Every structure is written in structure tokens, then in C-alpha cells.
Amino acid sequence: MNSQILKKTKSLIFNKLSLLFLLLMVFLSFLLISMFHQYEKLTLSNVTEPLTLLTQNASISLKNEILQSAQGLQFFVDTIDFNNALNEYRNERKGWNLNRLTLSYSVFYSQVLENLIIKDGPEGNVIWKLKQNEYTKIGEISGDRIYQYSLWHKTTNPSRTYISITVQNATGEYITEFLDLQLIFNRNLLPIESGKNVSFTVLNQDKLVLMDRNSENIGINKLDHLKEQYKYKDLNFHDEEELWREIENNHSGDMVIHSYWWDTLPLKNATKIVAYHKIIVDKGFFVFEVTKDYSAVAKQLAYGSARLFLACLLLLFVLSFSFFSIYRNKLKEAAIIKENKYLNEINKTLQSLHDNEKAMFHQQRLQIIGTMTNGINHELNNMLTPILGYSSLMEDEMKKDAEGEKSKYMDEVHEILLASMKARDIIQQISYLGKQNIETIYHYQNAYSLLIGAKKMMTNLIPSNIILTFSILDKDSGFYCNTTQINQVLLNIVLNAIASIDSNKRGTIEIIYTKSFRDNLSYGCISIIDNGCGMDTHVKEQIFTPFFTTKKASDGSGLGLAIASQIISSHKGLIKVDSKVSKGTTFTILLPLAKDTKDSKIKKQLNTKGLISSMTTILLVDENAKVRKVLEKGLRHFGMNVLTACDLKTAIDLFRVNNVSAIVCGDPIGKDSGINLSVMTRQIAPTCPSIILTAFLRKEVIEAKQTGLISTYLVKPVTFDELIEVILENLRKSKNETLKSTEIHK
């Protein structure tokens, strides 16, 4: 029986290892082919990249040569000596000085000068020539208000090509210099061609050869000429034509073509590497071609392929030896450990599957939360804006109508306003948890009021076996904070304290507030003390780590204390924990103390009175019609003239034709942003303030404020008090900037 099992085991192992070896061989074959292709590409790239660089450098060299000649010609014709010599020739027909100056210019400034011609107009009569040669125009290159460029060849010798540069002097004559393209080739390209074992050719958009090592090719359409010359032979020009199509469609590149060596007789087949670079001009282009024999690359590929093949043979030998060694060892172990190994693998697979399922489920929950946050935040803000705005306007109107007597629905309207502001805080908190907003607006909060409110919120959550006590030892101090966020931190810590106390045990949770001093700074200190089960050192070091929890998966996500730590850090505060097993835990929160600035705010508002008048025009831009309507009513209620727009183009048109005092802009505006509107309007009126209203406080908005692209921003929804206060503040700053600018100009 054991012999049969061992025999089956051997057969099974041999079959598996044989299949593995076969698959490995197939893989190695594909790998070898892939490596060869990669090696071929790399080798070809090592050749073509320097060639492409050569064409680019050559084109730059030619451009510099022509530009320097053009600048030198302009300088020369503007000199007093040249104009005096030209006047002397024009009046007295004495050309000696003009000839001397031109020859001197040719030697010192333009050593490739072939001829210089002076005309009385663009197509006018010739006044003077340095040489009495005749030229035939090939075509225009480009022209601007200073220089005109054209291509020519000598009428008596078409293989000599020239580029002409025409400028105009102060008295209206047109001076044209002819630069010898072959001399430019010899100066700039021939040294490179000789040193790199390559050949250069320069053509224009009509395939006309302008520069070439063989002067017989200059001035002709080389490809058409070759087709005509060998029309009775069965030659293949497909690659040559394909190369030219590549040149027409691309700016630069390279190509391997199968062609012939045209300079040898009889013709020999050749494989060439051609790199090209194109210079675009107004009416066409120049193209630089550099050609190299492919045979050197082929030799290198053959040598590399041989080495690669030998390496693969060696690897195959090593793998074969390893295969038989593994086979022999496996036979010795298989009969003993096969069953145990199989069971262990099954257990590991099930455990891994279970862990992955939990992680995936948790990730899906986080994604759902993020998706909900992103989806509803903007819509809720747009709905809350009209509620906040209209309730604020109703409360203000009721105060005016009451004339000392309390209106019948004053309390109800006030409750709507308070509820809307509370909903706004909750939405901003949801946005904070979803990492939408990266900055939070804080307000001064009295510590006593904050903790009394927290006490009311917690009272209904405390089980009957736990006593919750508050000791507020300082009732006057306070700090800048986001009330919702601080309440979230306190509630999270208290819920953790409740969970740490055994339901059968009498428990206590005590919250103590007092002042504290640390590093010469004053802090408000909130201590939450419980007599629960406590924590050991290992747990205490990880409680602020995201997703770490000692609770069951269904009871907690491990994010509560991590978010609490982020909130306290964003408030420039500290959170510490002290705990002992079976003794209890103490959380200590330190927040920087601040003074109530209500008086200063009132003073600030009083200082800005007088800025609002019927001439105060606000440009209101928002894509949401309901938001736009309520903001318009609110601003008009405060005595401002309001212009409205729902898109960027309409806003710019209104801004151009109206004297706008300030811009209030929602963000985004369709596919555009409020920042773009601010940038465009500041180009028209630099001192006009721009205020961005956004539901998603993006990094770009904060950076725009820091760099001065916008004046400030508010997070939707906003109250009219907040909006008016910000508008007045920015109008005051704009007025001061205008006064300073006026004083500077004076």
C-alpha cells in the first residue's frame, strides 16, 4: 500500500515538475524574443539619438548663422559710413568707398557673402551691385517687418544656391545680401559630417536639395531626378517616399530605410538610418537629413544576440540541473508532508480570504461615506443658502416693523435661522471628515457655554450605572474653535469611556475645565477622567492610529480618536492620554486661550460705515439661480446696487461696461472657476476686490488668496452678516489702496 502511494506521489510530482519545466521553457523563449527586441530597440536608439541631436544642432547652427548675418546686415546699412558712401555713389557715381566698405563687411561680419545688391524699392531698379551676377528665384522663405528671406540659385550655375536677406535703410533703399549655402554647409556641417562618419543633406518643402556634400545634387529634386535617371530599372523607391511622408507629418524623428548607395556603380542595396529635423518657416520648411550606414548597427546586434543566446543556454543548463535536484529532493519529502502541507495551505487561504473580505468591506464603507459626502455636500449648501438668507432678511424686517414691540413670529424665525446655522456647521463637519475642506473658520467660544452645551448633549447617552459630573473652574476664559468639532471630540472620548466601564460596575466620568500654563502660554485645559478598565502601554501608543481599535468590528472603525487628534491639532492644541490597567483613563485636551473680539468687530464695522451707497455696485456671479436670487435680495436690502450673472462670459461683459465696486462669485461657475474670473477682472480694474463663495474649499482657492489672485473667500452657506462684513472690509482696503496709489502718482 505504501509502495503504491509513493509511486503515485512520484508520478504526480514528476508530472507537475515536467509541466513546470515546459512552461518555464516557453516563458524563457518569449523572454528571449522580448529581450532581443528590446536590445534591438536600445541599440538602434543609441545610434539614432546622437543622429537626431546632430540634426537639431545643425539646424540651430544654420539658424544662428543666418540670424547673425541678418543682424549684421541691418547694423551695416544703418552705419553713417555706409549711408555716406551710398549718397556719394548716388550723387557722384563714385563707388570706391561703397565697394571698400562692402568688402570689409564681408570679411569681418559675413564671410559667406556672395553678393550685395541695393534697390530703390522691393521690386525696384538696381542702384548698385557688388558683383554683376544674375540669379533666379527658387521661392520665398519668410518675411517680417524687418527682414525678408528668399531662396535663389545662380542663373548660369543652378548647383549654386543662395539665401537672400533684405533690409531697408533709413532713406528707403532696399539692401539685399546673398549668402552662399554651400559655404555655410562647409563651415557648419562638413566638419561634423567628416568627424561622425555621416552625411548631411538640407532640403526645402519642395524636396529641392539646398545643401549636400555632392554639389551636383544641389538645386534639383533628388528623388524625382533619381526616378528619372533609373526609370528603366526595376528599383524600389517605397522607403524613400515613406520617409518624405514622415518628414511632412512630423517635426523630427528617425527611420530605417531600405534603399541604394547612389554614389556607387553598379548600384548596391543598402540599409540606412536616416534622422531628420525640420525648421518651420512662414511659407514652408527646411529639413535636415543625416544618413548613416546600418551595417555597423547590424554587426553590433549580431554580436549582442550571440552573447544573449549563450547566456540563455547557460541559464537553461542551470535550470535543468536545478530541476532534477528539486525532483530528487521532493521525492524524499512528498510522502511525509504532503497531507499536512495541503491542510496548512487550505487554512492559510481561508484566513487570508477572511482578512481580505473584512478589509474590502471596510474599504467599501469608507468609499460610500466619501461618495455621499462629495455628492450631497454641494446640494445641501445650495439649499441652505436660501434658508439662511431669507430667514435673516425676515428677522431684520420684523425688527424694523415691530418698532419696539416683539413681532408675533420673531422667535420662530430666529429658531429657523439658528437651526440653519447649526445645519451649516454639521455640513462643514461632514465635509471635514470627507477631507473636502482643508481649512475651517473658527469663532470665539466661551468655555463655560461650550461645556454646558456638551453636558446637555451627553446626559441622555449616559447609562444608569455611570455618573457624569462637570467641574468648570473658570467661567470667563474661552478660545477660538469650531464648536461642532470640539463637541465631536468630547463626545467621542466620553463614548469610549462608557465602553471601558463594565455594565455591572458603578462607574464615574468626570469632566474638569481649568486654566493651564505651558511654555509661557495660556491654555484652556479640559480633562475627561473615567474609572474604566484602562489601557496597557501597547494599546496607549496606538490609540491615535487610524483604524486601530480594541472593539469588535461591528462596534467601531478605529477612526474616532484619530479624527479627534487631527481636530485638536488643527486648533493648535494638544491631546494627551494617561491610563493604567484596571485604574482608569484620563484624556487631557489643551486649547490656546483667546480674548473675545466682539467689541473690536463692532468697532471695525463702525469704521466701515459710509462705504455703502447707491453707487456701490456688486457683481454677483453664481450658476445656481436660487442662490443668486437670495444673495441679490440680501445685498439690495443693505442698500447696494446688484448686477447678476450665471456664467463667466456674461460676468466679464457686465464688468467691462459698469463701475463695479466688488465681485461676489460662486465657485465653480460651470466648467470655469471664480479664480479665473478674478484674474480676468483684475487685469481691467486691479483694485476691485473679489470674494469667492465655495462649498468645496480647495487648495487652489487658499493659494489664490495667499498670492493675491482673490481678495478672500467664504465657505457656503453664508449669512448676510458675514457676507456684508467681508464686503465692507474689502471695500475699505480697496479704498485705501486707491488713495495710496493716487498719492504715489502725485
Side-chain angles (χ1 to χ4, degrees), residues 425 429 440-463 465-501 506-535 537 539-541 543-544 560-600:
D425 291 340
Q429 180 62 16
T440 304
I441 299 174
Y442 302 139
H443 300 283
Y444 179 84
Q445 177 64 50
N446 177 264
Y448 177 81
S449 301
L450 175 68
L451 293 175
I452 291 299
K455 181 179 180 181
K456 295 178 180 179
M457 177 179 61
M458 298 173 186
T459 300
N460 295 328
L461 302 176
I462 304 298
N465 65 310
I466 298 175
I467 299 175
L468 175 66
T469 61
F470 278 74
S471 299
I472 304 175
L473 305 181
D474 185 273
K475 297 185 178 181
D476 297 324
S477 60
F479 30 75
Y480 279 106
C481 69
N482 183 290
T483 306
T484 304
Q485 290 183 0
I486 298 301
N487 281 331
Q488 178 189 354
V489 173
L490 296 176
L491 181 60
N492 186 273
I493 295 174
V494 169
L495 290 175
N496 285 339
I498 294 172
S500 69
I501 299 173
R506 193 68 175 174
T508 60
I509 299 175
E510 186 177 6
I511 299 178
I512 302 174
Y513 174 77
T514 185
K515 284 185 179 180
S516 177
F517 296 90
R518 180 187 177 95
D519 299 330
N520 297 324
L521 295 175
S522 298
Y523 288 87
C525 177
I526 305 174
S527 299
I528 300 103
I529 307 167
D530 69 73
N531 63 344
C533 61
M535 295 177 283
T537 303
V539 174
K540 188 169 64 174
E541 290 175 351
I543 58 173
F544 297 116
L561 288 177
I563 294 176
S565 177
Q566 291 180 7
I567 291 173
I568 298 303
S569 295
S570 68
H571 284 72
K572 309 300 181 185
L574 300 170
I575 182 169
K576 301 186 295 181
V577 61
D578 184 27
S579 182
K580 293 182 180 179
V581 177
S582 302
K583 297 294 184 181
T585 303
T586 300
F587 280 86
T588 303
I589 300 171
L590 297 173
L591 295 171
L593 291 178
K595 294 181 179 180
D596 191 354
T597 57
K598 289 183 179 179
D599 294 338
S600 62

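As the structure is a prediction and not an experimental result, all values here were calculated from the model. Any value given below was found using the heavy atoms of this structure, including those in side chains, with hydrogens, waters and symmetry copies removed.
Checked by atom type, the side-chain pair S477/Y513 shows a donor-acceptor distance below 3.5 Å.
Listed for the N531 side chain is a donor-acceptor partner under 3.5 Å among the backbone atoms of T508. Checking side-chain atoms of S579 against main-chain N and O of M535 turns up a donor-acceptor pair under 3.5 Å.
Between the CG atom of D530 and the CZ atom of F587 there is a distance of 8.0 Å, given to the nearest 0.5 Å. Here T514 contributes atom OG1 and L473 contributes atom CG; the two are 5.0 Å apart, rounded to the nearest 0.5 Å. Separating the CG atom in L574 from the OG atom in S565 is a distance of 9.5 Å, to the nearest 0.5 Å. Summarising the geometry, atom NZ belonging to K576 is positioned 9.0 Å from atom OG belonging to S527; distances are rounded to the nearest 0.5 Å. Here the OG atom belonging to S449 is positioned 10.5 Å from the NZ atom belonging to K475, to the nearest 0.5 angstrom. The CD1 atom of I501 sits 4.0 Å away from atom CD1 of I466, with the distance rounded to the nearest 0.5 Å.
At a threshold of 4.5 Å between non-hydrogen side-chain atoms, the residues I589 and I493 count as touching. Residues Q485 and S570 are in side-chain contact: their nearest non-hydrogen atoms beyond the backbone lie under 4.5 Å apart. By the 4.5 Å heavy-atom criterion applied to side chains, F479 and L450 are counted as neighbours. With a 4.5 Å cut-off on side-chain heavy atoms, I511 and M458 count as touching. No side-chain heavy atom of I528 sits under 4.5 Å from any side-chain heavy atom of E510. Within the 4.5 Å cutoff, the side chain of I509 has no heavy atoms near those of the T469 side chain. Between I526 and L590, the closest side-chain pair of non-hydrogen atoms is not below 4.5 Å.
When all heavy atoms of H571 and Y480 are compared, the closest pair comes out as CD2-O, 3.9 Å. Minimum interatomic distance between L490 and A454 (heavy atoms only, all atoms of both residues): CD1-CB, 4.1 Å.
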Residues V489, I568; criterion side-chain contact (heavy atoms from CB on, under 4.5 Å); working and verdict: CA-CA 8 Å; V489 173; I568 298 303; 4.2 Å; yes

Might you work through the side-chain contact (heavy atoms from CB on, under 4.5 Å) test for L521 and L593, ending with a clear yes or no? CA-CA 8 Å; L521 295 175; L593 291 178; over 6 Å; no

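With sequence neighbours excluded, the residues forming a side-chain contact (heavy atoms from CB on, under 4.5 Å) with T586 are I529, T588, listed by chain and number.
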